[in-house]
Amino acid sequence: MRRRATRLPLVLASLWLAGSAATAQADEINLYSTREAPLIEPVIASFTAATGIKVNLTYVEDNLVKRVTAEGDASPADVLLTIGLDKTSQFVTSRLTQTITSPVLDKAIPAQLRDRGAQWIGLSVRPRIVMARADAALGAIHYEDLAEPKWRGKLCMRSPLHQNNVALIAAYLVHHGEGATEAWLNGLKANLVHKPAGKDNDVIREIAQGTCEIGIANTVALAQLRAGREGGDRGGWARAVKAVPTMFKGGNAHVNLTGAAIAKHAPHPAAAQRFLEFLVTPAAQRIYAAAELEYPVLATADRDPILVEIGSFPIDALPIDQIAAHQQAAIALIKKVGFDE
């Protein structure tokens, strides 16, 4: 009896220590992000202040999917965060994620910005729309109209094989089918001022300088130029250019996104989900989206004043994962029409 009485406190102490260790482990998560540290650290600091959970940030500059795949079952990653629907969709096709069951996320994020298999979520969006000179009479336009002969020799855009354009063309393909998309691409090619080149910033510059009347670009490029983040006289270009409300016929504006998921072998899945749920609160959405001057996915979140100035672009109802599934078919059509030639 004495031995049992002596052992009981030791057993209880051991259990308490084990429980404390488990709690300590759960008080941190490991975040793998292709978004650079200065852009994600403010919202991380806010999360830690609100919850006490530490976030260990690993910036993965190159191929996030390749890294997590190489780490396998031993990967310490809890949350995977990346830019672009192409890269986000690779989480699922590479089987690197786990199912997220969260009424909080389901309520906060529009259905088309969540994986239909509940494997990832969108956190912010980048409308890809038409740009024109600020003094142009053009008040709105359909994507379909960009192929009309009235725009012959007046259109600028970056390479159609850039992932932002591939996503837009994939969305067109889902809306209209292969034949109509091929005809549309031929129309776009015929309307170009010159061979696709440069970045979205260059498209905005050429519109401002009068090289082309309209162009296709993300709102992020225009917003960052207006904010002076690119320096020099580039802010002047952005002031000379406006974002034109653009939509599919029978739909709305195409967007790209930043996406996040819980890693398949996450050591701290509950804390990881808590982090994702925090990211869709109004305050966190404001911080997260403002870092890159993107639009929040949460409808009630405040937008940066520059985005308010640029305008609103209702998001197309087409599911993002459905667009992602048509990217390879879109690339095949781009090459078929010789768009870059």
Side-chain angles (χ1 to χ4, degrees), residues 29 31-55 57 59 78-85 87-88 91 100-115 118-129 218-224 226-227 229 243 252-262 270-317 319-321:
I29 61 170
L31 170 63
Y32 279 18
S33 171
T34 61
R35 173 166 278 197
E36 296 177 356
L39 299 175
I40 193 71
E41 284 173 343
V43 78
I44 287 175
S46 182
F47 172 72
T48 299
T51 65
I53 298 173
K54 179 184 177 184
V55 178
L57 174 62
Y59 171 56
D78 289 299
V79 175
L80 310 176
L81 190 152
T82 193
I83 302 169
L85 66 86
K87 298 178 181 65
T88 303
F91 291 158
I100 305 170
T101 304
S102 170
V104 173
L105 296 176
D106 291 347
K107 182 179 179 180
I109 304 170
Q112 68 267 42
L113 301 180
R114 291 182 271 118
D115 174 54
Q119 297 292 305
W120 56 260
I121 60 169
L123 295 173
S124 59
V125 296
R126 303 173 169 213
R128 188 153 191 80
I129 56 172
N218 279 357
T219 53
V220 164
L222 184 65
Q224 291 186 357
R226 286 193 181 182
R229 295 190 183 183
N252 282 314
H254 167 73
V255 300
N256 214 314
L257 53 70
T258 64
I262 299 177
Q273 181 165 316
R274 192 173 178 187
F275 179 63
L276 295 185
E277 290 173 346
F278 176 82
L279 289 179
V280 297
T281 60
Q285 276 278 284
R286 172 69 173 82
I287 296 169
Y288 180 86
E292 279 279 77
L293 293 176
E294 298 167 312
Y295 287 79
V297 296
L298 183 67
T300 57
D302 291 335
R303 298 172 180 174
D304 188 276
I306 290 178
L307 297 182
V308 174
E309 176 185 83
I310 288 175
S312 296
F313 308 92
I315 299 170
D316 196 39
I320 290 289
D321 57 353

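Values below: every heavy atom of this structure, side chains too, minus hydrogens, waters and symmetry copies.
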Main chain of [Y], side chain of [X]: is a donor-acceptor contact present, judged purely on distance under 3.5 Å?
{"X": "Thr48", "Y": "Ile53", "answer": "yes"}
{"X": "Asn252", "Y": "Asp316", "answer": "no"}
{"X": "Gln285", "Y": "Val297", "answer": "yes"}
{"X": "Gln119", "Y": "Ala261", "answer": "no"}
{"X": "Asp321", "Y": "Arg114", "answer": "no"}
{"X": "Gln273", "Y": "Thr101", "answer": "yes"}

How long is the span from the [atom1] atom in [X] to the [atom2] atom in [Y], to the nearest 0.5 Å?
{"X": "Ile320", "Y": "Gln112", "atom1": "CD1", "atom2": "CD", "result": "7.5 Å"}
{"X": "Asn218", "Y": "Gln224", "atom1": "CG", "atom2": "CD", "result": "10.0 Å"}
{"X": "Thr258", "Y": "Tyr288", "atom1": "OG1", "atom2": "OH", "result": "3.0 Å"}
{"X": "Tyr295", "Y": "Ile310", "atom1": "OH", "atom2": "CD1", "result": "5.5 Å"}
{"X": "Trp120", "Y": "Thr88", "atom1": "CH2", "atom2": "OG1", "result": "6.5 Å"}
{"X": "Arg274", "Y": "Thr51", "atom1": "CZ", "atom2": "OG1", "result": "5.0 Å"}

Quiz prompt | Pairwise side-chain contact, Arg128 with Asn256, heavy-atom cut-off 4.5 Å (strictly under) | solution = no
Self-check item: Pairwise side-chain contact, Phe91 with Asp115, heavy-atom cut-off 4.5 Å (strictly under)
Solution: no
Work out which heavy atom in [X] is nearest to a heavy atom in [Y]; give both atom names and the distance.
{"X": "Val125", "Y": "Glu294", "result": "O-CB, 3.6 Å"}
{"X": "Ile129", "Y": "Ala243", "result": "CD1-CB, 3.4 Å"}
{"X": "Pro296", "Y": "Ala301", "result": "CB-CB, 3.8 Å"}

Quiz prompt | For Ile287, the option from Thr281, Val43, Ile40, Ile44 that meets side-chain contact (heavy atoms from CB on, under 4.5 Å) | solution = Val43
Quiz item: How would you list all residue pairs meeting side chain to side chain donor-acceptor pair (under 3.5 Å) that involve residues 301-313, not counting sequence neighbours?
Solution: Arg226-Glu309, Arg239-Glu309, Arg303-Ser312
Quiz prompt | Residues forming a side chain to side chain contact (heavy atoms under 4.5 Å, CB included) with Ala227, sequence neighbours excluded | solution = Arg229, Leu293, Ile306
Practice problem: Just jot down the side chain to side chain contact (heavy atoms under 4.5 Å, CB included) partners of Leu276, sequence neighbours excluded, or say none. | Solution: Val79, Ile100, Leu105, Ile121, Ala260, Ile262, Leu279
Exercise. Classify the side-chain pair Ser102/Glu277 by whether it contains a donor and acceptor separated by less than 3.5 Å.
Key: yes
